[in-house]
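Report on the structure given below.
Counting begins at 1 with the first residue of the sequence.
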Amino acid sequence: MTSPIPPLNPLRTFEVAARLCSLTLAAEELNVSQVAVSRQVKTLEDYLGVTLFRRLHRGVELTDEGRQLHDGIAHAFQDIATASRRVSRRGRRDILAIQSYTTFSQRWLIPRLTNFHDRHPRIEVRLSSSTAPVDFESQNLDAAIRAGKGDWPDLHSEKLVDVELIPICTPDYQEQHALHAPNDLARVRLLHSMARPTDWPAWIKRVGADVDPEPGIRFESSALAYEAASLDGGVALAVKIFVKRQLQNGNLVAPFGDLTCYSGEGYFLTWPKSTAPSRTLIKFLDWMRDRIQAENPERAGGEGA
């Protein structure tokens, strides 16, 4: 059997008095009288059968037992306060914290976020970017965007978009370098994303082109590779849905038409299986499903894994 926990009110009063080394200051912090503080401390001492404070002429001093007790409970009360702040809705807006890749944020999520905010103006979205793996136990996040096949054993995952790869460049770059067939890529500069290092080899193998996939310039993210392509820097390999708008308005072109490569992967919204989704995440999921269905009517709805 586990040992019973001492009465919490006396325990909390003792923690404040021990931290401040003063019954008077503890009374001020707790907004009670000094007599009430003394009474709560005496209740705890009687319960434990030990003396926790030495009463001195100008204050109090912890005994050895009092010091041991305070060392053991101080972090516990701090953890309680921290956890309470995280879940408290008092005096603040609803918070939705999401981590995403920079390219996904810039090219897919951000253009749609205003629609979400119009629908839920009381929800404050906090969007951060990172390529590092998410640690839901240590990071205060509701969900994270991940690329893969959706088969993470500890995570719920909802597919957002497929990874369909297509070469892109500007119309001027295509005309200047006479890009008409995949083998023509051997004569131009390839723009790589270090976040997706296998994309060019996979696409070249898929279309059967006689091109070395290694030379070129490498960028930290796909977003930077797309930007370089838009400035006539070369040919980038893009996730098709991320450049859909630029292809439609003619700022970028797909020099080889619809010659794409589906990697079998997708971008997923993920959250821990061990934790129930927050109210804000449920609203975000519903909105995401609506947007995906509206933009892709051929899909029957969101996919889970």
Side-chain angles (χ1 to χ4, degrees), residues 79 81-163 193-197 199 218-228 238-239 241-245 265-292 295 302 304-305:
D79 289 344
T82 300
S84 298
R85 283 195 301 271
R86 286 178 177 172
V87 303
S88 175
R89 302 287 174 186
R90 296 179 59 188
R92 67 175 175 85
R93 300 161 65 90
D94 288 334
I95 304 296
L96 176 67
I98 297 176
Q99 180 173 299
S100 174
Y101 303 112
T102 299
T103 303
F104 186 91
S105 296
Q106 291 181 353
R107 294 283 177 160
W108 195 91
L109 185 54
I110 291 175
R112 294 164 174 80
L113 268 183
T114 54
N115 179 270
F116 176 76
H117 188 259
D118 288 342
R119 188 181 297 188
H120 301 288
R122 293 293 302 170
I123 296 179
E124 178 183 308
V125 179
R126 296 182 179 177
L127 179 61
S128 58
S129 294
S130 177
T131 58
V134 176
D135 184 353
F136 283 102
E137 291 186 2
S138 62
Q139 293 175 269
N140 190 18
L141 294 170
D142 293 284
I145 307 295
R146 292 190 65 173
K149 297 185 177 180
D151 53 357
W152 302 285
D154 298 327
L155 298 177
H156 290 289
S157 59
E158 180 117 359
K159 182 182 280 189
L160 305 175
V161 298
D162 289 318
V163 175
S193 168
M194 288 187 286
R196 303 189 58 84
D199 282 357
R218 284 169 168 75
F219 299 89
E220 183 182 27
S221 69
S222 298
L224 294 177
Y226 301 169
E227 179 66 16
V239 176
I241 199 168
F242 291 170
V243 294
K244 182 178 180 180
R245 185 177 303 174
E265 295 185 346
Y267 284 88
F268 292 80
L269 184 70
T270 66
W271 65 98
K273 288 183 177 179
S274 60
T275 305
S278 65
R279 293 186 307 163
T280 53
L281 180 55
I282 291 172
K283 291 178 181 178
F284 190 72
L285 278 169
D286 289 341
W287 170 79
M288 278 242 183
R289 289 164 181 156
D290 289 346
R291 296 302 304 169
I292 291 168
E295 296 175 16

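Two residues are said to be in side-chain contact when any heavy atoms from C-beta on lie closer than 4.5 Å; T280 and I95 fail this criterion. Under the 4.5 Å side-chain criterion, counting only non-hydrogen atoms from C-beta, V239 is not in contact with S222. In this structure, the side chains of E227 and F219 stay at 4.5 Å or more apart for every pair of heavy atoms.
Evaluation of the side-chain hydrogen bond (donor to acceptor under 3.5 Å, both in side chains) rule for S221 yields no partner, not counting sequence neighbours. For D142, there are no salt bridge (Lys or Arg N to Asp or Glu O under 4.0 Å) partners, not counting sequence neighbours. Remark: R245 engages no residue in a side-chain hydrogen bond (donor to acceptor under 3.5 Å, both in side chains) (not counting sequence neighbours).
Under the 6.0 Å cut-off for aromatic ring centres, F242 and Y267 qualify, their centroids lying closer than that.
Atom CZ in R291 sits 11.0 Å away from atom CG in L113 (nearest 0.5 Å). E124 contributes atom CD, which lies 10.0 Å from atom CG of L96 (distance to the nearest 0.5 angstrom). How far CG of L281 is from CD1 of I98: 7.0 Å, rounded to the nearest 0.5 Å. One distance of note links CG of L127 with OG of S105; it measures 4.0 Å at 0.5 Å rounding. Rounding to the nearest 0.5 Å gives a distance of 9.5 Å between CD of E265 and CG of D151. Between I145 atom CD1 and T102 atom OG1 the span is 12.5 Å, to the nearest 0.5 Å.
Closest approach of W287 to R112, counting heavy atoms only: CZ2-O, 3.0 Å. The minimum heavy-atom distance linking F136 with L141 is given by the pair CD2-O, 4.0 Å. The two residues H117 and I123 have their closest heavy-atom pair at CD2-O, 4.0 Å. The two atoms that bring H156 and P272 nearest to each other are CD2-O, 3.7 Å, heavy atoms only. Residues V163 and R196 share a closest heavy-atom pair of CG1-NH2, 3.2 Å. Contact detail for V125 and F116: the closest heavy-atom pair is CG2-CE2, 3.7 Å.
Other residues, nucleotides and ligands contribute more than 12 heavy atoms inside 6.0 Å of the CZ atom of R218.
Ion pairing between K283 and D286 fails under the 4.0 Å rule for side-chain N and carboxylate O.
Between the side chain of T270 and the backbone N or O of S157 there is no donor-acceptor pair closer than 3.5 Å. The main-chain N or O of A147 is found under 3.5 Å from a side-chain atom of Y101 such that the two form a donor-acceptor pair.
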